[in-house]
Asker: 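Below is the structure I would like to discuss, written out as structure tokens.
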Amino acid sequence: MSEELERILARLTEPDNAVIQQATAELKQAFKDPAIIPALCALMTESQNPQVRQSAAVMLRLRVRKHWKKISPDHRERHTVRHSLSQLSAVLVKHETPDRWPALLALLNQSTKSNNPQDRQVGLLLLSKVVGSNPEPFKPHYKQLLQLFGTVLQDLNNPTALYYCILTLTAITAYTGTEEMNLMRSLIPKLLIALKHLIQADQDHASEAMEVFDELMESEVTCHFCLTCLFLNLLKAVLKHKLLQPILQVVFPILSAAPPPGEEDPEDEENDTEGDSENPKHFAVQVIDTMALHMPPEKLFNQLLPFTQTCLSSENPYERKGGLMCMAVLAEGCADHIRTKMLSSMLQTVCRSLSDNNQVVRSAALFALGQFSEHLQPDVSKFHAELMPLLHGYLSAVNQTKIGHMTKAFYALENFLENLGPEIEPYLPTLMETMLSALNNAENLKLKELAVSAIGAIANAAKEMLVPYFPPIIESLKGFLTDTREEMRTLQTQALDTLSVLARTVGKEVFSPLAAECVQLGLNLTDGVDDPDLRRCTYSLFSAVSDVSPDCLAPHLTPITTVMLLSLKSTEGVMVSEDFSIRSSDSVHSLRFSVENAYIDEKEDACDALGEIAFNTGVNVKGLVFNYSESFDQLLHISLYISPALHKLLQVVLPCFLEAVRQDRERQVVMAILESMNAVIKSCQGEALQAPGILAEISNTIKDVLKKKTVCQDVGGDEADDDEQQAEYDAMLQEFAGEGIPVLASALPAETFYPHLNDLLPLIMSKAKPSCTEADRSFSIGTIGETLHSLVGVAGGSAVAGRLSNRLLPVLVAGVRDSDAEVRNNSVFALGALAQAAGPIVASDYPMMLSLFSNLLSKESDLRVIDNLCAALCRMIMSHIEGVPLEQVFPALVACLPLKEDMEENKTIYSCLTFLYSHNPVLVQAHFHSQHAQLTHHTKEFESAVMSLPDEQRNKMTLAVTQS
């Protein structure tokens with residue numbers, strides 16, 4: 001049959017269509033003959049016509065799956081036509097393990113290690129095809145393959161070999177385990193260099209090879225470790241090899257490129273207001289954003305500014321847009337640098353660009369202004385006199401049919417308004433005229449939605465100043481909320497959200513008459529519409545109404561709390577999949593849980609609303625909640641499946657972190673590792689410290705950094721870095737290490753950590769000496785304070801804090817008298833944390849501490865220090881009330897309230913007030929009236945504190961609040 005088949009295949013290559021059609025018909029008939037498979041094998045290896053051999057290989061590949069057993073062993077071992085044979089081999093391996101085909105393994109071994117570059121290419125091509133088709137049977141050979149890849153990836157003059165090597169690595173990554181981890185790690189730097197060369201040689205191949213990173217991210221075992229190594233090595237490469245300039249030379253042309261003629265960038269298209277997250281410009285922006293978050297701002301700006309300035313001064317509008325996009329994404333990562341050194345000049349640039357003659361430039365300027373308003377507060381709000389008229393004028397003049405552009409304009413306006421506060425007053429009439437016009441006259445629902453959202457932002461800033469505009473706003477919102485059309489859903493959701501804001505801001509007297517109607521509107525929507533976002537906003541409305549007019553809510557408490565608890569119990573949006581995967585001899589069983597974001601938000605808001613409603617109405621909802629406790633059992637069940645995998649991952653990751661901290665030569669890289677390690681321990685707590693000896697290893701590594709014994713502290717820095725910058729990096733490195741001490745203290749029983757803490761404290765305390773720099777003194781006492789604060793929440797913390805008090809008190813007392821405000825602030829906080837952690841053990845030191853605080857209060861001008869002094873007094877009161885003369889201390893404390901700067905301590909203040917009320921209600925009531933309005937401004941913190949009281953005391957405190 002071979003001769004006849006060869007004639008048919010040869011005729012398929014003829015230029016005559018009639019001949020080809022006849023040959024095709026004959027070939028179809030030949031495929032019915034069982035002898036076709038051996039005949040194709042013979043032609044593939046013996047025909048003198050290369051086109052026939054190629055065609056035979058293709059035909060055989062198509063047919064072999066059904067006829068594998070009919071191919072003789074001899075035919076399996078003949079290889080001459082590269083790609084078709086590689087594809088054929090890939091099919092064969094799917095049906096046969098490589099160990100049962102020894103000649104294939106021998107060929108792969110011989111060719112991939114050949115001295116002939118062409119032979120290596122062929123071998124790696126074959127390897128990529130056969131491994132890619134069926135990676136698991138090759139698992140016994142993974143270590144050997146990874147060692148081979150380490151050699152091949154250094155063959156930088158053979159880009160084709162690099163390409164096939166990376167394809168093979170991509171194929172096996174998902175199947176690698178902990179036993180291959182070290183080899184995988186060693187490949188990362190070589191992989192990055194190889195990809196750099198491959199990009200220069202063949203961009204198509206490089207693009208495909210980049211998929212290796214997708215596999216690294218998907219791999220259960222290698223993801224966390226390899227991506228950490230990848231990031232650290234990228235950072236190291238950029239800083240060490242001065243790659244920042246070359247990277248920017250690649251990124252900026254992409255960032256500032258004009259789209260093809262007749263097209264727009266995705267973010268500028270009217271039908272795509274969200275933009276395209278997969279377009280090249282998006283990735284270019286991400287590169288700059290990542291640099292801003294992780295690189296020293298001075299270094300970044302020195303290299304970046306020339307590119308940005310060139311773009312901004314260009315005649316090409318897309319280059320001007322690129323410069324503005326760059327400025328926008330710097331705002332988050334370089335916020336402190338911009339606020340202190342560049343804010344005014346950058347704002348001037350953005351303002352000028354808002355008047356640009358090209359819309360894409362104006363649009364980018366709006367995005368930049370929105371980013372500045374979000375990340376550069378409160379400094380950016382100081383420029384309201386320049387920005388507000390410009391923003392409002394722009395909003396009034398823009399073409400309202402350009403909804404995508406309008407969205408960006410509203411984004412900038414809202415972010416700016418949120419933080420404006422009372423300064424909004426002179427702009428309120430023109431702002432509200434614009435918003436009410438949009439509510440009443442705009443035909444586009446998206447424009448109405450934007451206006452409704454902006455009114456919420458205006459209300460947050462204006463509060464009672466919005467009252468004159470309240471009636472027309474409410475009429476519009478009620479109209480939206482009673483419209484039953486499906487297309488109204490997003491507008492209704494926003495209307496509910498803004499209605500909740502209005503309830504909390506315009507004042508009880510104004511909103512109370514509408515409270516009952518708002519409750520009914522919310523109930524109608526929860527009954528009639530099945531949408532998690534809409535339900536979430538109704539819950540917020542109900543809780544806001546409970547604050548304004550709890551009586552209106554009382555008749556509806558049963559349906560309201562029932563629907564909220566059903567939301568908590570519901571598994572809608574929760575997807576569970578059970579996976580069994582066989583890897584080599586191991587069986588891996590895993591449950592995968594995912595929850596859609598809308599349902600997470602709904603459950604979170606339901607919890608918040610239940611707490612606030614319970615506080616405001618005096619109804620005990622705990623019994624109802626316990627009826628739905630099986631939801632929490634489900635979460636516990638999930639954690640049982642997660643824990644073993646977590647332990648396995650931690651056992652790999654933490655030792656690698658520690659080794660890198662000690663051995664890496666770059667300070668910036670070690671900082672990133674320490675930051676990552678602290679984050680892992682903070683998230684996983686004691687789970688991260690289960691492995692034998694790991695606590696001692698972490699503590700010793702922190703000690704090595706504090707004693708400057710790591711490699712990066714010994715070798716010196718980059719020659720381009722001056723001594724001042726090296727000193728700055730050294731200080732930052734020690735701070736990252738020091739931050740690990742309170743993290744460890746919060747993760748373990750105090751007695752377990754005490755021996756290690758005892759060794760570390762002298763190193764920390766040595767930096768509090770008067771001869772040390774202000775930064776060192778602040779770091780030292782700040783670390784002590786955070787460590788003491790961590791001891792408050794762990795078993796045995798009181799005893800350990802008491803044991804440390806005699807050593808720490810002299811350092812902290814000296815810190816309270818320091819000339820630097822930050823050192824004083826940290827010292828005051830630390831003394832309060834010591835009192836809270838040690839409790840009555842340090843009662844004998846209370847008179848000295850109170851005298852110290854009294855002296856400080858009489859002359860302190862720094863508002864943050866005063867706030868922390870108030871919080872420290874509160875901690876002392878709650879820890880040992882008998883040791884504080886309340887008749888003298890409490891009036892002085894109340895006189896300093898409300899807090900001015902350190903708002904995080906509001907929780908401490910409110911907890912102390914409720915604690916005192918439970919012990920001495922007369923004292924609290926006597927001093928409460930004058931401060932009530934300001935103290936209860938932070939409602940969530942206040943309500944949380946009051947809810948911690950016993951029922952009787954809670955009801956009395958609630959009554960005291962309502963009567964004030």
Side-chain angles (χ1 to χ4, degrees), residues 400 403 410 432-460 466-564 566-567 598 601-602 605-606 609 613:
Q400 293 190 358
I403 295 300
F410 272 96
M432 288 311 302
E433 181 182 354
T434 301
M435 298 307 153
L436 291 172
S437 174
L439 292 186
N440 297 325
N441 303 322
E443 296 181 2
N444 188 289
L445 292 180
K446 179 64 178 178
L447 185 55
K448 290 180 184 286
E449 181 188 337
L450 292 170
V452 170
S453 179
I455 289 172
I458 292 170
N460 275 323
L466 198 66
V467 169
Y469 310 96
F470 185 67
I473 294 173
I474 287 297
E475 286 307 309
S476 293
L477 296 185
K478 286 198 292 187
F480 301 150
L481 293 173
T482 54
D483 194 321
T484 58
R485 292 176 294 164
E486 181 66 30
E487 59 266 30
M488 294 292 292
R489 292 293 171 260
T490 56
L491 177 53
Q492 288 176 332
T493 300
Q494 187 57 62
L496 285 167
D497 195 46
T498 295
L499 193 56
S500 302
V501 174
L502 291 169
R504 297 183 187 277
T505 54
V506 297
K508 293 183 179 182
E509 297 77 10
V510 175
F511 197 87
S512 290
L514 292 165
E517 188 177 0
C518 288
V519 172
Q520 195 58 56
L521 281 171
L523 286 170
N524 292 343
L525 286 168
T526 55
D527 288 343
V529 180
D530 182 15
D531 180 273
D533 282 322
L534 200 70
R535 286 195 296 270
R536 173 181 61 81
C537 291
T538 60
Y539 303 159
S540 296
L541 177 61
F542 293 150
S543 60
V545 170
S546 75
D547 185 45
V548 175
S549 181
D551 292 342
C552 292
L553 208 66
H556 308 286
L557 278 176
T558 299
I560 287 173
T561 55
T562 299
V563 73
M564 291 181 183
L566 286 172
S567 290
D601 292 342
E602 180 192 0
D605 282 15
I613 289 171

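Here, residue 1 is the first one in the sequence, and each next residue gets the next number. Predicted, not measured: the structure shown is a model, and the values here were computed from it.
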Asker: So which atom in R535 and which in V529 form the shortest heavy-atom distance, rounded to 0.1 Å?
Answerer: NH1-O, 4.4 Å
Asker: Closer than 3.5 angstrom, by distance alone: can the side chain of T493 be matched with the main-chain N or O of R489 as a donor-acceptor pair?
Answerer: yes
Asker: Taking side chain to side chain donor-acceptor pair (under 3.5 Å) as the test, write out the residues that go with S546, two or more places apart.
Answerer: N616
Asker: Provide the closest heavy-atom pair for F480 versus Q492 in the form atom of the first, atom of the second, distance.
Answerer: O-NE2, 3.1 Å
Asker: Any side-chain to backbone donor/acceptor pair from T498 onto V452? Under 3.5 Å, distance only.
Answerer: yes
Asker: Does anything in residues 507-521 form a salt bridge (charged side-chain N to carboxylate O under 4.0 Å, His left out)? List the pairs, not counting sequence neighbours.
Answerer: K478-E517
Asker: Going through the checks in order, is the side chain to side chain contact (heavy atoms under 4.5 Å, CB included) test met by M432 and I473?
Answerer: CA-CA 10 Å; M432 288 311 302; I473 294 173; 3.6 Å; yes
Asker: Roughly how far, to the nearest 0.5 Å, is CG of D547 from CZ of F542?
Answerer: 15.5 Å
Asker: Among all residues two or more places apart in sequence or in another chain, which pass the side-chain contact (heavy atoms from CB on, under 4.5 Å) test with S540?
Answerer: S500, D605
Asker: Return the CG to SG distance between L481 and C537, rounded to the nearest 0.5 Å.
Answerer: 10.5 Å
Asker: Decide side chain to side chain contact (heavy atoms under 4.5 Å, CB included) for L553 and I560; before the verdict, give the C-alpha distance in whole Å, the side-chain angles of both, and the deciding distance to 0.1 Å.
Answerer: CA-CA 9 Å; L553 208 66; I560 287 173; 3.5 Å; yes
Asker: Can you tell me how far CE of M488 sits from CD of E449, rounded to the nearest 0.5 angstrom?
Answerer: 10.0 Å
Asker: Where do A459 and L502 come nearest, in terms of heavy atoms and distance?
Answerer: CB-CD2, 3.9 Å
Asker: Just how far is it from atom CE of M435 to atom CD1 of I455, taken to the nearest 0.5 Å?
Answerer: 7.0 Å
Asker: Would you find a donor on one side and an acceptor on the other, under 3.5 Å apart, between the side chain of S549 and the backbone of V545?
Answerer: no
Asker: Give, for atom OG1 of T505 and atom CD1 of I458, the distance between the pair rounded to the nearest 0.5 Å.
Answerer: 11.0 Å
Asker: In Å and rounded to the nearest 0.5 Å, what is the CG to CG distance from L491 to L496?
Answerer: 10.0 Å
Asker: Looking at L436 and Y469, what are the two nearest heavy atoms and their distance?
Answerer: CD1-CD2, 4.4 Å
Asker: Which atoms form the tightest heavy-atom contact between H556 and Q520, and what is the distance?
Answerer: CE1-OE1, 3.8 Å
Asker: Side chain to side chain donor-acceptor pair (under 3.5 Å) with T482: which residues, sequence neighbours excluded?
Answerer: none
Asker: Who passes side chain to side chain donor-acceptor pair (under 3.5 Å) against T538, sequence neighbours left out?
Answerer: none
Asker: Check side chain to side chain donor-acceptor pair (under 3.5 Å) between D551 and all other residues, then give those that pass, not counting sequence neighbours.
Answerer: none
Asker: If you take all heavy atoms of L439 and K448, which pair is closest and at what distance?
Answerer: O-NZ, 2.7 Å
